[in-house]
Enquirer: 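Following this message is one structure expressed as structure tokens.
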Amino acid sequence: MLEKQPEYLFVYGTLLAGLRNHHHLKNAQYLGPASVQGALFELGDYPGLILAGDVAMPMGPVLGELYKVEASNWAQLDALEAFDPNAIESSMYLRQFADVTWFKGAETVMLQAQTYVYNWPLEGRSRIKNGDFRRHLSNKSA
């Protein structure tokens with residue numbers, strides 16, 4: 001069993017450094033690049049993540065970043081991601097633990113960190129096959 005790090009957050013979309021919602025992590029500590037096994041989908045201006053094991057479809061690496069988040073920041077992040085722990089069915093995203101590969105310098109560390117997983121139907125949504133939202137955005141604008 002991988003060690004759970006409840007204060008760690010894996011981000012893969014608009015919270016990434018340099019993207020439009022990154023300012024919500026201004027009080028968080030950047031730990032480094034990371035990945036999870038899953039599938040990324042285009043939802044307009046932002047992506048949705050499905051984790052390996054949640055659905056029966058081919059999975060691959062989803063690239064992102066790992067942050068250490070202060071306890072006081074979770075409510076703001078939950079609001080941004082439309083996650084309400086008291087209304088799971090209507091939440092757009094769920095905050096849950098995922099197995100994360102953290103590329104910590106020359107070392108690779110496996111752990112469990114929190115991430116936001118898409119909770120609504122994906123019918124008609126395009127998969128981001130490369131698992132890299134930042135690259136997907138640059139390919140769209142090219």
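Residue numbers count from 1 along this sequence. Worth saying up front: this structure is predicted, and the values here are computed from it rather than measured.
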Enquirer: Side chains of L111 and Y8: does their closest heavy-atom pair fall under 4.5 Å?
Expert: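 Result yes, sub-4.5 Å side-chain heavy-atom pair found.
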
Enquirer: Run E3 and Q112 through side chain to side chain contact (heavy atoms under 4.5 Å, CB included) and show every step you take.
Expert: CA-CA 6 Å; E3 185 176 345; Q112 285 195 328; over 6 Å; no

Enquirer: Go through the steps for Q96 and L51 under the test side chain to side chain contact (heavy atoms under 4.5 Å, CB included), then give the verdict.
Expert: CA-CA 10 Å; Q96 61 188 55; L51 292 173; 3.5 Å; yes

Enquirer: What distance separates L63 CG from L40 CG, expressed to the nearest 0.5 Å?
Expert: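 That separation rounds to 9.0 Å.
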
Enquirer: Carefully, step by step, assess Q5 and E7 under the rule side chain to side chain contact (heavy atoms under 4.5 Å, CB included).
Expert: CA-CA 6 Å; Q5 299 290 341; E7 70 279 11; 3.3 Å; yes

Enquirer: If you round to the nearest 0.5 Å, how far is OG1 of T115 from CG of D99?
Expert: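 Nearest 0.5 Å value for the CG-OG1 distance: 11.5 Å.
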
Enquirer: Could you walk me through whether L94 and Y116 pass side chain to side chain contact (heavy atoms under 4.5 Å, CB included), step by step?
Expert: CA-CA 5 Å; L94 303 178; Y116 290 95; over 6 Å; no

Enquirer: State, yes or no, whether a side-chain contact exists between N119 and V117 at a heavy-atom distance under 4.5 Å.
Expert: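 When only atoms from C-beta onward are counted, V117 and N119 do not touch, as no gap falls below 4.5 Å.
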
Enquirer: To the nearest 0.5 Å, what is the distance between CG on L25 and CD on Q76?
Expert: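 Rounded to the nearest 0.5 Å, the CG-CD separation comes to 8.5 Å.
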
Enquirer: Find out whether V36 and L49 are in side-chain contact, i.e. whether some heavy atom of one side chain is under 4.5 Å from a heavy atom of the other.
Expert: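 Side-chain contact under 4.5 Å: yes.
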
Enquirer: Checking side-chain polar atoms at under 3.5 Å, does E70 have a donor or acceptor matched by the opposite partner on N27?
Expert: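 No - no donor-acceptor pair under 3.5 Å links their side chains.
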
Enquirer: I'd like to check F41 versus S126 (side-chain heavy atoms, cut-off strictly below 4.5 Å). Are they in contact?
Expert: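 Side chain of F41 against side chain of S126, heavy atoms only: no contact under 4.5 Å found.
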
Enquirer: Is any side-chain N of the basic residue among R134 and E65 closer than 4.0 Å to the acidic one's carboxylate O?
Expert: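 Judged by the 4.0 Å cut-off on N to carboxylate O distance, R134 and E65 do form a salt bridge.
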
Enquirer: State the CG-CZ distance between L15 and F10, to the nearest 0.5 angstrom.
Expert: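 So the CG of L15 and the CZ of F10 are separated by 11.5 Å.
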
Enquirer: Supply the atom-to-atom distance L9 CG to H24 NE2, rounded to the nearest 0.5 angstrom.
Expert: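 So the gap between those two atoms works out to 12.5 Å.
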
Enquirer: R20 versus Y46: any side-chain heavy-atom pair under 4.5 Å?
Expert: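 They are in contact (side-chain heavy atoms under 4.5 Å apart), so the answer is yes.
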
Enquirer: In the hydrophobic clustering that connects Ile, Leu, Val, Met, Phe, Trp and Tyr at side-chain heavy-atom distances below 4.5 Å, which members other than L2 occupy its cluster, ordered by chain and number?
Expert: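 The other cluster members (ILVMFWY side chains, heavy atoms under 4.5 Å, direct or chained) are M110.
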
Enquirer: Nearest 0.5 Å please: distance from the CZ atom of R127 over to the CG atom of N130.
Expert: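 These two atoms lie 10.5 Å from each other.
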
Enquirer: Are V11 and F103 joined in one hydrophobic group, where the rule is that I, L, V, M, F, W and Y side chains link up if heavy atoms are under 4.5 Å apart?
Expert: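 V11 does not cluster with F103.
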
Enquirer: Donor-acceptor check, side chain of S91 to backbone of D84, threshold 3.5 angstrom: yes or no?
Expert: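 Yes; judged by distance alone, with no hydrogens or angles, the pair exists.
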
Enquirer: Apply salt bridge (Lys or Arg N to Asp or Glu O under 4.0 Å) to E81 and list each qualifying residue two or more places apart in sequence or on a separate chain.
Expert: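 Counting only residues at least two positions away or on another chain, E81 forms no salt bridge (Lys or Arg N to Asp or Glu O under 4.0 Å).
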
Enquirer: Any side-chain heavy-atom pair from F133 and V62 closer than 4.5 angstrom?
Expert: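 They are not in side-chain contact.
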
Enquirer: Could you name each residue pair satisfying ring pair (Phe, Tyr, Trp, His ring centres under 6.0 Å) that touches residues 64-99, not counting sequence neighbours?
Expert: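 Qualifying pairs, neighbours excluded: H22-Y67, Y30-Y67, Y93-Y118.
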
